[in-house]
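Small disclaimer: the values here were computed from a predicted structure and weren't measured. Values below: all heavy atoms of this structure, side chains included; hydrogens, waters and symmetry mates excluded. Throughout, residue positions are numbered sequentially from 1 according to the sequence presented.
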Amino acid sequence: MSELDQVTLQQHQQWMRRAIALAQQGQYSTRPNPNVGCVIVKDGQLVGEGFHPKAGQPHAEVFAMRDAGEAARGATAYVTLEPCAHYGRTPPCAKGLVEAGVAQVVVACPDPNPLVAGKGVQILRDASIEVITGICEAEAHQLNLGFLKAMATGMPYVRLKVASSLDGRTAMASGESKWITGAMARQDVQHWRAISGAVITGIETVLADDCLLNVRQLDDDDDMRNVVQPKRIVLDRQGRLPLTAKILQQPETVMVMGPYRQELADLGVVQFEIQPLADLLAACVQQFQIYDVLVEAGATLSTAFLQEHLIDEMISYVAPTLLGQSARAMFNADFDRMAEQLRFKLKDVTQLGDDIRLRLIPSQETL
């Protein structure tokens, strides 16, 4: 690559990273829509920018074009996700960019949504607009892991959250578990709930902790009124969820997989028939547009998700404490051979107070 090309690439990356930062402003509020940012640049100067704030509101490109006004003509637009090509709640953004008269569009990620999938780029190229793709693609992909996976495969992106002691224990033998990790680690969990369309747990966790599993406070100054609360999905195969459970204080965000119960239906709780975990996850996407799932459960359910290879990422909080051999183990798989072990690759590690957060990706390698 020539020096000029390298300089141009760096400029494209600089502006695309600004668009990515804008997109992140919608991370708690856009579901089920993806997070998208757009920056419009002319003669090396920023003339317009915007992000998609919420489903039903204009897309990022619309806000950026409004901001730029007539300056958009002949400019370059940087968009973190391929502009949409279809009519939904809003008109197609690809046609809007054509009508605004931009000369060039730089796209980070293609959109695998069958309604888009290259059609947005084609609309632009058919209008003789230069399109450059793949700038900061890996960074922009991280904005919408669930949406992109769901559009491509029909399955959500699944994160498994666990919190344990140094000796891999998650609770005392009695079930007492408050608190193993410190305040910073517990606060961090709020972020993962806030970016999830649903939190899945088991009935044993609900009975033991009487948990809410909702988003109560975010770490920064985000307005909680804009947060889209995740659905809480309880796996209750024997129909033991008590009507007095705290989780039912907001029944409209609760879903239960188990035998049908009229009393839950009367509260407005969505009920699933008992089905394999993979089918439940597929139903989340197909029926409810839930693209990111967080599993917060005990050892039995967590192990089931892992052994059925349904986890895309594990978020493991480790506290500098020992709970002893009688405490409850993090997982309850029973392996006899090293070849059966479940291995992971380390994505990143972060210190949160005295605790450590590991983000791990299941490894396909075998010994």
Side-chain angles (χ1 to χ4, degrees), residues 1 5-28 30-41 49-52 59-61 64 76-84 93-94 104-114 116-121 124 130-160 188 191-192 194-197 285 291-294 311-316 343-350 357-365:
M1 181 177 291
D5 288 337
Q6 183 64 38
V7 169
T8 301
L9 174 61
Q10 290 175 350
Q11 290 173 341
H12 285 330
Q13 291 172 335
Q14 172 193 339
W15 291 116
M16 187 60 78
R17 289 189 176 115
R18 185 180 181 104
I20 289 171
L22 284 166
Q24 288 174 330
Q25 294 184 40
Q27 65 180 330
Y28 301 134
T30 63
R31 289 197 311 273
N33 289 2
N35 302 308
V36 183
C38 179
V39 168
I40 299 179
V41 177
E49 63 182 9
F51 69 96
H52 179 49
H59 290 182
E61 297 93 325
T76 296
Y78 294 85
V79 190
T80 58
L81 186 67
E82 179 182 358
C84 62
C93 290
Q104 184 183 59
V105 177
V106 181
V107 177
C109 275
D111 188 342
N113 183 343
V116 185
K119 297 172 187 174
V121 166
L124 298 170
E130 181 185 10
V131 180
I132 299 173
T133 61
I135 300 296
C136 299
E137 182 174 354
E139 295 170 54
H141 189 90
Q142 294 298 310
L143 291 167
N144 297 298
L145 292 171
F147 175 83
L148 294 171
K149 182 187 177 187
M151 292 299 109
T153 70
M155 293 290 281
Y157 188 89
V158 182
R159 297 175 178 90
L160 171 64
D188 190 66
H191 162 75
W192 302 109
I195 66 170
S196 300
V285 170
Y291 305 142
D292 289 88
V293 167
L294 180 66
I311 297 298
D312 295 290
E313 178 179 344
M314 183 162 73
I315 302 169
S316 177
R343 296 190 66 86
F344 298 85
K345 291 182 179 296
L346 183 63
K347 186 173 183 179
D348 67 49
V349 58
T350 303
R357 183 192 71 197
L358 305 172
R359 293 180 64 195
L360 303 149
I361 305 297
S363 173
Q364 303 305 314
E365 297 177 1

What pair of heavy atoms forms the shortest contact from [X] to [Y], and how long is it?
X	Y	result
Cys109	Val107	O-CG1, 3.4 Å
Gly50	Ala64	N-CB, 3.8 Å
Asp312	Ile361	O-CD1, 3.5 Å
Cys38	Val79	SG-CG2, 3.9 Å
Ala94	Leu124	O-CD2, 3.6 Å
Lys119	Glu82	N-OE2, 3.4 Å

Polar side-chain atom of [X] near backbone of [Y] as donor-acceptor pair, under 3.5 Å:
X	Y	result
Glu139	Arg17	no
Asp292	Gly197	no
Arg31	Ser196	yes
Ser316	Leu358	no

What is the distance from atom [atom1] of [X] to atom [atom2] of [Y], rounded to the nearest 0.5 Å?
X	Y	atom1	atom2	answer
Thr80	Gln142	OG1	CD	13.0 Å
Tyr291	Leu145	OH	CG	14.5 Å
Gln27	Phe51	CD	CZ	10.5 Å
Tyr28	Asn35	OH	CG	10.5 Å
Leu81	His141	CG	NE2	10.5 Å
Thr350	Arg357	OG1	CZ	4.0 Å

Is there side-chain contact between [X] and [Y], with at least one heavy-atom pair below 4.5 Å?
X	Y	result
Arg159	Ile195	yes
Pro362	Phe344	yes
Val39	Thr76	no

_Once side chain to side chain donor-acceptor pair (under 3.5 Å) is applied, do any residues pair with Glu137, and if so which ones, sequence neighbours excluded?_
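For Glu137 there are no side chain to side chain donor-acceptor pair (under 3.5 Å) partners, ignoring immediate neighbours.
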
_List the residues meeting side chain to side chain donor-acceptor pair (under 3.5 Å) with Asp111, not counting sequence neighbours, and say none if there are none._
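Asp111 satisfies side chain to side chain donor-acceptor pair (under 3.5 Å) with no other residue.
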
*Any chance you could lay out the side-chain contact (heavy atoms from CB on, under 4.5 Å) test for Ile20 and Cys136, step after step, and finish with the verdict?*
CA-CA 9 Å; Ile20 289 171; Cys136 299; 4.0 Å; yes

*Run through Gln11, Met16, Glu130 and flag the one making a side-chain contact (heavy atoms from CB on, under 4.5 Å) with Val106.*
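Option passing the side-chain contact (heavy atoms from CB on, under 4.5 Å) with Val106: Met16.
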
